[in-house]
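This report refers to the structure that appears directly beneath it.
Numbering starts at 1 and runs along the sequence shown.
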Amino acid sequence: MLRFFKNPSTAIGLWVTRLKARTHANVAAVALANKQARPAWALLTQGTFYETRPMT
């Protein structure tokens, strides 16, 4: 997924682009995976549904 964030047009794209500039690509890949896994894990363990909220 890191290859697709060359032109960051979203908040997550901007975050990944800045992270890749500061760290090694493997560290950025693990950080992105962790950022995506935490909400998924919370949904699975709590048995709830995902509710979208606007980013501030």
All N/O donor-acceptor pairs, side-chain side in residues 19-33, below 3.5 Å, sequence neighbours left out:
residue, atom, partner, partner atom, Å
K20, NZ, L2, O, 3.1
T23, OG1, L19, O, 2.9
H24, ND1, N26, N, 3.1

What pairs of donor and acceptor atoms, side-chain ones from residues 42-49 against any protein atom, are under 3.5 angstrom apart with sequence neighbours left out?
residue, atom, partner, partner atom, Å
T45, OG1, W41, O, 3.0
T45, OG1, A42, O, 3.3

Evaluate the criterion side chain to side chain contact (heavy atoms under 4.5 Å, CB included) for residue pair K35 and I12; output intermediate values, then yes/no. CA-CA 10 Å; K35 192 172 190 76; I12 189 77; 3.6 Å; yes

